[in-house]
2 protein chains.
Amino acid sequence: MATIGDVAREAGVSRSTASYALSGKRPISDEVRRRVLAAAEALAYTPNAGARALATAQTKVLGLLAQFHEDEFAPAMMQYILGVTNTARDLGYDTLLVTEADGVRALRRVTDSRMVDGVVLLNIAQDDARLPILRAAPQPGALVGLPGDCSGLDVFDLDFEEAGRVMVDHLHRLGHRELILVSQPEHVVERGGAYVWRLRDAALERARQRGVTLHAVYGESRQPAVGRLLNGLLDAYPAATGLLVNNEAAAAALPSVTYARGLRVPEDLSVIGRYSAEFAATFSLPYSHIESAPDRLGAMAVRQLVRRVESEAARAEPFVVRFLSPELVSLGSTAPPLPR
Amino acid sequence: MATIGDVAREAGVSRSTASYALSGKRPISDEVRRRVLAAAEALAYTPNAGARALATAQTKVLGLLAQFHEDEFAPAMMQYILGVTNTARDLGYDTLLVTEADGVRALRRVTDSRMVDGVVLLNIAQDDARLPILRAAPQPGALVGLPGDCSGLDVFDLDFEEAGRVMVDHLHRLGHRELILVSQPEHVVERGGAYVWRLRDAALERARQRGVTLHAVYGESRQPAVGRLLNGLLDAYPAATGLLVNNEAAAAALPSVTYARGLRVPEDLSVIGRYSAEFAATFSLPYSHIESAPDRLGAMAVRQLVRRVESEAARAEPFVVRFLSPELVSLGSTAPPLPR
DNA sequence: CTGAAAGCGCTTACAG
DNA sequence: CTGAAAGCGCTTACAG
């Protein structure tokens, strides 16, 4: 591989001149610049990333830490990752994807070794053990997901509380008075997934205000357990006319369940989910849903992160906690309840 | 951050001694080693990755290039990616995930700049434009997926031809004489996805040998098109008693279709899919299927890649093309056809 | 067993 | 406008 020394020799200039001609960081005569660019072109010169990182203290790489817990719903994760990698690339950064189980160790490794200029964390737990490490790291960090303590980091998440209220209000307005809410499995909550109870508690509160009965239960993340659970719920609450689903696996399993029971949606049962458009399209889900916008959240986190990475001034700004307003995408799976 | 110079000073030795004590690459007296390790510990010393890469010409990072084409089935990709990242980490490597649309450009960037020690390519096309770049690169490369020309690279893929034969044989043995095969959409084939016709052609050939009628059609990758397609097929071939599904989206949409038509599986229709166990569990798919083993394929590719990266001798070995034998996971979705 | 020095390939003050 | 030199933080022959 050609080095900057090769380019300089080929162009008949010093290495520093070659470097400046390529970077444009100081004025260079047209003639010399032309020769340097031609030499670089001819030798297919590409700067060595390690050498540049060492000299500039910038790697142009962002770390992306994702946790894949046993028994969690992996497919939805892909959209968050793509939101991050694609936005990073647009801004001139590559992405180091770290998926190992020990997130604390992983985070320490990539920050201490200076492999990355900044870090995005996915799957934030309420009391996430990675956060103290990230706060202490020299690189800035951004979270997709709301932890208990947001200090020292930029945080981006869907407004799950508003999502819960929107779901309840929508069905209440249509005339529903008894609803079921299926959340993620209990172990997701135990692990610290605050979004589960943020949505649930807000939905319960709003239901109380509106005089709506809301049965809120934990779900399952896999078949056949999730199918059994849905059947059990529909058996247990025969008067319920609306179903809220804050659980991708349950949403994916629901069509089979309703077909098997001969339930028509929305005539017999109104349904509102919470997932991404991508997810809905891929898995044939015909339900109106709160768009979870994983790509947008990933993109927002990266943009803010890169701002802090690249600007001293930005790094001094106060940290932000930004909630994306939930948007209800209507696919016609809700209607007024049938008179009984 | 502490440098090796800080550690050396703290331990009262030279930088080279500190380096050797840490790496163990030459004998060091117990006393000195103890002091160095203590100093490194006390200063929380972690080597600077860029500096090490520059000195050793090894980054301990692998590149993973994935292509996400418009209208393709993204969720299945996650398992391949996890297979790669987790195996890489086990072997001491981090993973740079590159997802930009222009794969040629991306590959050139990461190899020319020496950001990675080796590269794994996903979504291999029959005539993949990235392959010439990878062959010419100084780093070794491994493919998950079979291209037209395997020269100069290690290749790993499911044996899709054998998969087609296993599917046909299994149903033939049960007494089926008319089958439908739903493949990926035509544009996946046009883009170069050879595995589609590898499975199909082998299935057609085997069906011919066995005297089985096989209707092979392209599928769709999204709803509602895929649901319509499945209904259309079942209408068009009412005498078919078995369905082979080499298309994740079609498999995911099938339960709704069979329920809606009042078809029982396997009594009225035997079904065999081709996807991963992870996929089956997540999406409630009750069908016997050929396990596509994305995690195993990713792991195989990484192991071979790292062998070549780390050993001169391994780099001189002939390139391999390794096919994973398809395994039929029986979930009871096939049975002898009902007498008509 | 240990140290002083060179070198990896860049960038960027410092001089002119 | 251009060049010679220092330095980023490591590793590893070269000497002793």
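By convention in this document, chain letters (A, B, ...) are assigned in the order of the sequence lines, proteins followed by strands, and residues within each chain are numbered from 1. Remember, predicted model here, so these are calculated numbers, not experimental data.
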Out of [options], which has the shortest distance to the side chain of [X]?
X	options	result
B/V13	C/dA6, C/dT11, C/dG3	C/dG3
B/A55	C/dG9, C/dC1, D/dG9	D/dG9
B/P47	C/dG3, D/dC10, C/dG9	D/dC10
B/Y20	D/dA13, C/dT2, D/dT11	D/dA13

Between A/T59 and A/M115, does the side chain to side chain contact (heavy atoms under 4.5 Å, CB included) criterion hold? Intermediate values first, please. CA-CA 7 Å; A/T59 63; A/M115 299 180 82; 5.7 Å; no

Would you say A/L146 and A/Q126 make side-chain contact, with heavy atoms under 4.5 Å?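 Of all side-chain heavy-atom pairs linking A/Q126 with A/L146, none is under 4.5 Å.
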
Side chain to side chain, B/T95 and B/V61, heavy atoms closer than 4.5 Å: no

Could you identify the nucleotide paired to C/dA13, looking across every strand shown and requiring Watson-Crick or G-U wobble geometry with both distances under 3.5 Å? none

Who does C/dA4 pair with, Watson-Crick or G-U, both distances under 3.5 Å?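 No nucleotide pairs with C/dA4.
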
Please tell me which of B/V32 and A/G50 maps to the more 5' nucleotide of DNA chain C, matching each residue to the nucleotide holding its nearest heavy atom. B/V32

On DNA chain C, nearest-nucleotide positions of B/S29 versus B/L54: which is more 5'? B/S29

Presence of [X] side-chain N/O under 4.0 Å of [N] phosphate oxygens OP1/OP2:
X	N	result
B/S14	C/dG3	yes
A/R52	C/dT11	yes
B/T17	C/dG3	yes
A/K25	C/dT12	yes
A/S16	D/dT2	no
A/S19	C/dT11	yes

Taking A/A313's backbone N and O only, do any of them form a donor-acceptor pair with A/S311's side chain (distance below 3.5 Å, no angle check)?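 At least one qualifying donor-acceptor pair exists.
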
Pick the closest DNA chain D nucleotide for B/A51 and for B/R26 by heavy atoms, then say which residue is nearer the 5' end.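 Checking each residue's closest nucleotide, the 5'-ward one belongs to B/A51.
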
Go through A/T99 and B/N86 one step at a time and tell me if the side chain to side chain donor-acceptor pair (under 3.5 Å) criterion holds. CA-CA 7 Å; A/T99 60; B/N86 289 332; 2.9 Å; yes

C/dG3 P sits how many Å from B/R15 CZ, rounded?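 These atoms are roughly 13 Å apart.
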
